[in-house]
There are 2 protein chains.
Amino acid sequence: MSSETPEAGKGPVRKRTAGDGVARQPGMTDVARLAGVSAQTVSRTLAGHPNVQPKTRAKVLAAVEQLGYRKNNAARMLSSGRSRTIGVVTLQTNFYSRTNLTFGIETAAREAGYAVSTATTASLDTAAIEQAMSRLAEQGVEGVVLSVPLVHVSPRIEQLTRSVPTVTVDGSRTPATEVVAVDQTLAARLATRHLIELGHESVWHVAGPKEWLDAASRCAGWRDTLQAAGLDVPPVLEGDWTPASGYRNGLILGKIPDVTAVFVASDEMAFGVIRALHELGRRVPEDISVVGVDDIALAEYCSPSLTTVAQPFTEMGALAVAHLLRHIEDPDAAHEPACVEPALIVRASTAPVGGRARPRP
Amino acid sequence: MSSETPEAGKGPVRKRTAGDGVARQPGMTDVARLAGVSAQTVSRTLAGHPNVQPKTRAKVLAAVEQLGYRKNNAARMLSSGRSRTIGVVTLQTNFYSRTNLTFGIETAAREAGYAVSTATTASLDTAAIEQAMSRLAEQGVEGVVLSVPLVHVSPRIEQLTRSVPTVTVDGSRTPATEVVAVDQTLAARLATRHLIELGHESVWHVAGPKEWLDAASRCAGWRDTLQAAGLDVPPVLEGDWTPASGYRNGLILGKIPDVTAVFVASDEMAFGVIRALHELGRRVPEDISVVGVDDIALAEYCSPSLTTVAQPFTEMGALAVAHLLRHIEDPDAAHEPACVEPALIVRASTAPVGGRARPRP
DNA sequence: CGCCGAAATGGCATCGATAACATCGCAGGG
DNA sequence: CCCTGCGATGTTATCGATGCCATTTCGGCG
């Protein structure tokens, strides 16, 4: 068995890193040799193929253990054509929504035996998104979750979505794409209706940037609800999701006597709004009611605790993965958009118009 | 030139996906054929090799464009042995710190021409971390940033860090590892000293979970500072980083008459503490001063705005990548631990003992 | 005018794993 | 007793790009 010395200068060429002395990572061939079987058998064993004798399997596993063998994904993919990896394109920020969504996606993907590769983009412009998708394509992902509030879809992106199964999350849909989304219109409706039911005669709105699709949907939902109730629609204030922008808009709102209720498009902005109102001496919720969106962890622990609309991000990530995998396995399946529903969480930042606050929870 | 039909049943074997009709992704060979050059020349052109005639380069690029060619990372890696990818092991949470760190890492890595592959782990136990590192190793990463508050390092993990260049961030060091960290002891010192200088005769502490190295360091820094000032060291309260745990501890602190100053190990917990104190009728900062750690975006926009210790996460991510790359390129380089310094940001949640609050900013 | 050397390009082996096919051995039916 | 059939394993070709070496091309200089 030890007939051939491993060092018997096989080929004339040595590829390995210049730094000698470092033992190279063992490959399947090494495992096979040690176990006294062929590489193919090793492959079968590790793939869990049924037709392998227990004794052989044991030998292989022992060899794997002994050599500290680790499979080489690049080789596996090149050979099999499958990467068992899905890609996520997401904005490079730490917005609560993005982070949690990614969380959900990763969990679900891992459970299904897929790895996740993330490509972040610093901006929303088409070129940057194209780049991110290209990077994923180069990595050989089998599918992509586009978690970017796309409004404009470039032809190039559309082409990409045609060659790789894609699910958009909170983004606009393209012909070749499945869509999974939280019903943002409903979120806005819930918030606005809540305020109307408390007796407010008008509800103001601090929106997100209009390039963001979910900001636009929330704005639309808010407007529709007001109109349906026969109420006036005040002008829209626009923020950029940051607490600072909420603060700026809060300073404006606080100076307008009519304002008794505000629907803010995100919790972080809502914090800024409340802070500004506070400084202007307008009490929340006694003078002005505020509703946010997201239900971030801190929403419950500020004063007053924030009434908000919770979005099931994690669940949505899972749903997106499920759709994507279905689509990968059966490319001809129909694209049925899926929608998950947000839920209103009433806390202490809203109160009947002109009334006293409810007792704090 | 058109002497051989492409369809001349070359090999007996067809690998491609069963679904026929779908044109397969073009490869270098296809590009080469279209451009009328060899695959090798295509490779050189795309790698930016200098010795390629402009005219040839142009032809190649045109062919690439026309075919929509995308390089195949798996093949490239298998062949060259380099993946130009670094891995990040991180906890699957949306803690502010983790998110921002990842942000910094990604940005820096991308600038250096490296891709980033993230492996998240749901728990801190050794097995889970081993798994995450293995996943990265299988992907062929050239280096790893371990962003996990490791306290115990298993031999197996140590073995892994020996075969792949590794930088620990906020984690304990292993012999084969470089360390980049925020000086958490200093963070605690800054916060505690600030409170002492305001005249408080004792400073309480709400710590993070003791398994977390940074929680432990902050706790140590706090204790040392108190002792150095000749003050008593009150018992430690322990939270789990969540606002809820801060709230629970706040309820306890609020019942203890002696308490006039609290150093909380994270901003999110600090929010909970403040909320609890509020409910118990203890005013912040008039009755009790509170300092947090992290400087999350909302710290400035709550009432009162939060005095906190800012940590340069993004910068630290960049530093970690720089170290890692240096180590990848020169494996024999010395491991010098690097430290970045946190900064105290004084806002409105702290005031002189028994004194009135400073005017709000 | 011819030869040299650098620039430009092509040929071939190779990375590590897998698919497809070939082989071998053994059990049971005709 | 031979042959079929299936289970277990080995063999070979291949995925796509790159490293190394060979080859061609060409400008310049003795």
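This is a predicted model, so every value here is computed, not measured. Order of the sequence lines fixes the chain letters, A, B, ..., with proteins taken first and strands second; residue numbering starts at 1 for each chain.
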Without decimals, in angstroms, what is the distance between A/Leu46 CG and C/dT18 P?
8 Å
Each stem that DNA chain C is part of, given as range with range (3 or more consecutive Watson-Crick or G-U pairs, under 3.5 Å)
C:1-30 with D:1-30
Paired with B/Leu146, the side-chain contact (heavy atoms from CB on, under 4.5 Å) test is passed by just one of B/Val179, B/Thr177, B/Val169, B/Ile129, namely B/Ile129
So, A/Glu138 and B/Arg76, do they make that salt bridge, N to O below 4.0 Å?
no
Show your working on side chain to side chain donor-acceptor pair (under 3.5 Å) between B/His327 and B/Glu178 and close with a plain yes or no.
CA-CA 9 Å; B/His327 198 268; B/Glu178 287 204 73; 4.6 Å; no
Heavy-atom nearest pair, A/Tyr114 first then A/Thr85, reads CD2-N, 3.6 Å
Under 3.5 Å between N/O atoms: give me all the protein pairs with nucleotides 7-9 of chain C, atom names plus distance.
unit_1: C/dA8; atom_1: OP2; unit_2: B/Asn51; atom_2: OD1; d: 3.3
unit_1: C/dT9; atom_1: OP1; unit_2: B/Thr56; atom_2: OG1; d: 2.4
unit_1: C/dT9; atom_1: OP2; unit_2: B/Gln53; atom_2: N; d: 3.0

Please give me the minimum heavy-atom distance between B/Gly113 and B/Arg84, naming the atom from each residue.
O-NE, 3.4 Å
Any ion pair linking B/Glu130 and B/Arg156 (charged N to carboxylate O, less than 4.0 Å)?
yes
Can you tell me how far C1' of D/dG16 sits from CG of B/Leu67, to the nearest Å?
15 Å
Between atom CG in B/Asp30 and atom P in D/dG16, what is the gap in whole Å?
8 Å
Answer yes or no: is there a side-chain heavy-atom contact under 4.5 Å between A/Leu34 and A/Gln66?
yes
Taking only side-chain N and O atoms of B/Ser43, does any of them lie within less than 4.0 angstrom of OP1 or OP2 on D/dT18?
yes
Interatomic distance, CG@A/Leu78 vs CG@A/Asn73, rounded to 0.5 Å, equals 11.5 Å
What I want to find out is whether B/Arg82 reaches B/Glu142 closely enough, with some N-O distance under 4.0 Å, to be called a salt bridge.
yes
Rounded to the nearest Å, what distance is computed from the CG atom of residue A/Leu78 to the P atom of nucleotide D/dA13?
17 Å
Measure the distance from CG on B/Asn73 to P on D/dA17 and round it to the nearest whole Å.
10 Å
note: B/Gln25, atom CD; D/dA17, atom P; distance rounded to Å ~ 10 Å
Quick check for you: among D/dT18, D/dA17, D/dT11, whose closest atom lies nearest to any side-chain atom of B/Gln40?
D/dT18
Provide, to the nearest angstrom, the distance between the CE atom belonging to A/Met28 and the P atom belonging to C/dT14.
20 Å
Residues from residues 136-144 of chain A lying under 4.0 Å of DNA chain D - heavy atoms
none
Take atom NZ in B/Lys59; do more than 12 heavy atoms of anything else shown fall under 6.0 Å from it?
yes
If you measure from CZ on A/Arg57 to NE2 on A/His49, what distance do you get to the nearest 0.5 Å?
9.5 Å
Can you check the A/Asn72 CG to C/dC15 C1' distance for me, whole Å?
8 Å
